[in-house]
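What follows is a short report on a single structure.
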Amino acid sequence: MIIRALESAREQDLLQFSAIPEFAIEVPREKQHGDFASNVAMLMAREARMAPRKIAESLVGMINTSGTPVERIEIAGAGFINFYLNNSWLYEIPGLVYNMKDKYGYNEKINRKVQVEFVSANPTGNLHMGNARGGAIGDTLANILERAGNDVEREFYINDAGNQIEIFTDSMEARYFQLTGHDVEFPENGYAGLDLIDTVRNLIADYGKTLLDMPRDERRKIIVEYALQEKVDYIKETLLSFGIVYDVWFNEKSLHEAGKIDQVIQVLKDRDYCYENEGALWFKSTAFGDEKDEVLMRANGLPTYFAADIAYHQDKFERGFDWVINIWGADHHGHVARMKGAMQALGYDPDKLDILLMQLVRLYRAGNIVRMSKRTGTTVSLDELIADVGRDAARFFFVMRSPDSHLDFDLELARQKSQENPVYYVQYAHARICSIFRQADAEGIKMASLQAIDASLLQEEEELAILRKIADFPEELAIAARTLAPQRIARYVLDLAALFHSFYNHHRVLNDNSGLQDARLLLMAITSITIKNALDILGVNAPEKM
RNA sequence: GCGCCCGUAGCUCAGCAGGAUAGAGCAACGGUUUCCUAAACCGUGUGCCGGGGGUUCGAGUCCCUUCGGGCGCACCA
């Protein structure tokens with residue numbers, strides 16, 4: 001429409017320009033600025049050598065709106081052209097949402113395989129707050145991407161090999177000797193967490209003192225397999241209770257066993273991205289913009305964690321993912337450039353690897369920071385957190401803020417079942433709607449069939465606001481997927497709940513006017529559908545009663 | 001020293017590829033219940049968007065610089 005107007009303006013010599021600029025048509029933030037707005041006049045100001053408002057005036061004169069839902073056009077501000085639609089499009093929404101139910105907001109399948117890898121906590125201790133945030137963000141993101149039309153796989157990478165596992169085994173072995181009455185020194189850099197002692201106690205319950213007499217290697221093998229089994233089971237169970245189900249649990253050990261690490265190092269050597277220095281093998285990550293080169297193979301002949309991680313990421317791409325997303329703690333940001341560099345060196349497109357860094361969580365209790373080092377043993381674990389504040393509050397809290405932002409998690413605050421806690425505000429909205437339907441049921445009121453309902457009876461400002469907000473949902477989901485921004489969904493559902501509460505306090509759903517009553521019942525139905533849909537994405541329950 | 005993230009209302013934070021008068025929640029004060037859940041609603045006000053410079057018709061948003069906070073800079077993972 002605008003393009004046609006531009007061209008006829010040029011033909012009539014009202015405007016001079018060579019090419020039509022890349023102008024935008026967008027939904028303004030303020031609804032008084034119309035349903036759609038265009039900035040085309042401002043963009044053309046320079047070339048046409050005219051004031052933007054004058055350009056806008058000439059254009060508007062050329063626009064033919066007959067046969068379109070455009071009700072009127074206004075020029076505002078510096079030269080915005082605002083289009084006001086009649087409400088007919090809005091009244092299409094209820095039927096659409098009601099028919100799609102829990103599928104509302106979904107985009108069409110786009111045939112893109114996406115992997116989201118998150119948490120991937122070391123199986124050497126409890127899950128801490130950083131893991132918890134990563135879990136909430138990763139799972140929510142996976143949900144968002146799924147609804148945006150991608151084929152999504154959730155993956156957990158189990159670091160069950162390498163140096164830290166040796167230290168872990170040392171620690172276990174020392175505890176085993178100690179708990180069976182031997183005076184053994186605990187390794188200096190060992191895992192001092194109390195949970196480890198429990199694990200060893202379980203081990204002793206199953207094996208007794210039989211391990212004492214075994215050859216060292218055999219004993220260590222039994223110990224480490226026992227402990228890993230127990231730790232991984234614990235992690236699975238805890239994450240399941242946090243609402244997270246993985247498609248793939250990937251063992252680092254399998255890379256070692258299949259010789260993948262040696263293979264990938266060989267490829268990097270062949271491509272001349274490696275050199276030796278002081279007995280170690282280095283990767284030229286500086287060639288890819290990293291600050292310094294990185295060791296792949298230590299002088300002692302053992303591969304580094306980085307080498308294993310390269311093999312792991314290569315494996316991801318070999319599995320055919322079009323988009324690989326990792327959720328990492330911000331303390332790992334130094335690894336981003338070199339991992340992308342390594343993928344580029346291997347011939348993969350580094351832009352297909354996105355690493356979302358989330359800032360750290362600071363846990364507060366009674367105004368004091370709670371340290372959460374895995375090794376000191378003074379930590380609040382995820383299962384304790386869930387028992388304390390509940391899964392819903394915890395998940396909502398963790399995704400409410402941008403991953404870029406530090407998260408101060410106040411345990412007392414999150415525990416309060418009060419207005420401090422926004423998750424209840426949203427859940428209450430859902431429960432209230434369910435209550436309306438229960439009340440209707442009790443009074444023998446049944447909503448009419450969709451065809452029999454006239455949605456255009458919804459004329460109140462509060463009703464229109466809800467309709468507009470619900471209409472926004474697919475767009476909101478698409479933005480959240482594109483920008484990897486789970487907090488947008490939390491924000492969205494809070495806004496929608498607020499609009500509902502406001503409506504609820506101003507108007508009655510069950511009333512004497514049966515036409516209006518049906519329209520409002522339908523409005524309530526699609527509001528609860530959308531709230532529940534958004535809460536599902538966040539992994540939060542939508543209770544029918546509170 | 002170098003790198004990444006953050007700096008927006010008293011507090012905690014939103015703010016999508018630069019758009020119109022910068023928004024929520026909490027806290028504070030006042031009001032709302034013969035009626036579908038008052039865990040709710042309504043009203044009252046606050047901002048040199050850390051500072052400075054630049055790009056642009058237009059900057060909280062992009063670029064440079066500077067200050068403040070967090071994190072990282074191992075032949076650890």
Side-chain angles (χ1 to χ4, degrees), chain A residues 24 26 28-30 32-33 37 39 41-46 51-52 76-80 82 122 124 159 162-165 167 189 252 277-282 290-292 294-306 308-309 329-337 357-360 362 400-408 410 413 417-425 427-429 431-440 442-443 445 475-476 478-480 482-483 485 487-488 490-491 494-495 497-498 500-511 520-521 524 545-546:
Chain A
E26 54 196 7
R29 251 199 294 239
E30 304 283 328
Q32 64 197 23
H33 294 131
N39 60 352
M42 277 106 92
L43 290 176
M44 296 196 55
R46 171 171 284 197
F80 286 98
N82 295 337
N122 288 330
T124 51
N159 298 123
N163 197 42
Q164 59 149 0
I165 290 297
I167 296 170
N189 57 353
E252 178 184 352
N277 187 27
E278 295 184 3
L281 185 71
W282 296 72
D290 200 7
E291 292 168 60
K292 54 184 184 181
E294 190 70 15
V295 172
L296 289 171
M297 192 78 87
R298 286 177 276 229
N300 64 11
L302 292 173
T304 58
Y305 174 85
F306 177 52
D309 222 18
D331 52 339
H332 287 69
H333 75 252
H335 303 272
V336 173
L357 296 174
M358 46 157 198
Q359 297 297 317
L360 304 179
R362 274 189 302 244
M400 227 170 47
R401 312 242 154 95
S402 157
D404 278 340
S405 236
H406 284 271
L407 181 64
D408 290 334
D410 186 323
L413 200 68
K417 298 218 174 354
S418 72
Q419 47 191 352
E420 303 268 338
N421 217 327
V423 66
Y424 297 116
Y425 182 82
Q427 291 183 319
Y428 183 50
R432 263 184 154 177
I433 295 174
C434 292
S435 173
I436 295 171
F437 281 99
R438 275 195 301 272
Q439 179 73 23
E443 292 177 22
I445 297 166
E475 170 74 6
E476 192 60 36
I479 293 171
R482 190 180 71 228
T483 58
Q487 75 278 9
R488 295 192 71 102
R491 195 110 209 135
L494 273 169
D495 288 348
F500 160 74
H501 283 308
S502 180
F503 162 79
Y504 184 90
N505 277 278
H506 286 98
H507 308 286
R508 286 191 57 84
V509 173
L510 305 177
N511 57 56
R520 285 184 175 167
L521 280 171
M524 290 301 100
K545 266 185 189 169
M546 282 176 78

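Proteins get letters first, then strands, A, B, ... in listed order; numbering begins at 1 in each. No hydrogens, no waters, no symmetry mates; every other heavy atom, side chains included, goes into these values.
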Answer yes or no: is there a side-chain heavy-atom contact under 4.5 Å between Leu521(A) and Leu510(A)? yes

Rounded to whole Å, CE of Met400(A) lies from C1' of rA24(B) at a distance of 11 Å

If you check the Ala299(A) side chain, which of rC16(B), rC75(B), rC41(B) turns out closest? rC75(B)

Would you indicate, yes or no, if rG25(B) has its OP1 or OP2 atom less than 4.0 angstrom from a side-chain nitrogen or oxygen of Tyr424(A)? no

Picking from rA39(B), rG3(B), rC42(B), the nucleotide nearest the side-chain atoms of Met546(A) would be rA39(B)

Donor on one side chain, acceptor on other, Asn122(A) and Gln164(A), under 3.5 Å: yes

Whole-Å distance, Arg362(A) CZ to rC13(B) P, equals 8 Å

How many whole angstroms separate atom CZ of Arg488(A) from atom C1' of rC13(B)? 15 Å

Pair assignment for rC71(B), Watson-Crick or G-U wobble, requiring both distances under 3.5 Å: rG3(B)

Suppose we call a contact any N or O donor and acceptor under 3.5 Å apart; does that hold for the side chain of Arg482(A) and the base of rA17(B)? yes

Can you check the His335(A) NE2 to rG3(B) C1' distance for me, whole Å? 13 Å

Check the distance between rU33(B)'s C1' and Tyr504(A)'s OH and give it to me in whole angstrom. 11 Å

In whole Å, measure the gap between the C1' atoms of rC62(B) and rG18(B) for me. 7 Å

The side chain of Asn82(A) is closest to which nucleotide in this list: rA20(B), rA77(B), rG70(B)? rA20(B)

Pick the closest RNA chain B nucleotide for Leu510(A) and for Leu407(A) by heavy atoms, then say which residue is nearer the 5' end. Leu407(A)

Here the distance between atom P of rA14(B) and atom CG of Asp495(A), to the nearest Å, is 14 Å

By nearest-heavy-atom nucleotide on RNA chain B, the more 5' of Gln359(A) and Ala440(A) is Gln359(A)

Report the base-pairing partner of rG25(B) (Watson-Crick or G-U wobble, both distances below 3.5 angstrom), or none. rC11(B)

Checking rC42(B), rC75(B), rG72(B) against the side chain of Glu291(A) (C-beta onward), the nearest is rG72(B)

What's the shortest heavy-atom distance between Asn189(A) and Ile167(A), and which atoms? O-CG2, 3.6 Å

Rounded to the nearest Å, what distance is computed from the CG atom of residue Asp404(A) to the C1' atom of nucleotide rG70(B)? 13 Å

Would you please confirm or rule out a distance under 4.0 Å between OP1 or OP2 of rG70(B) and any side-chain N or O of Ser405(A)? no

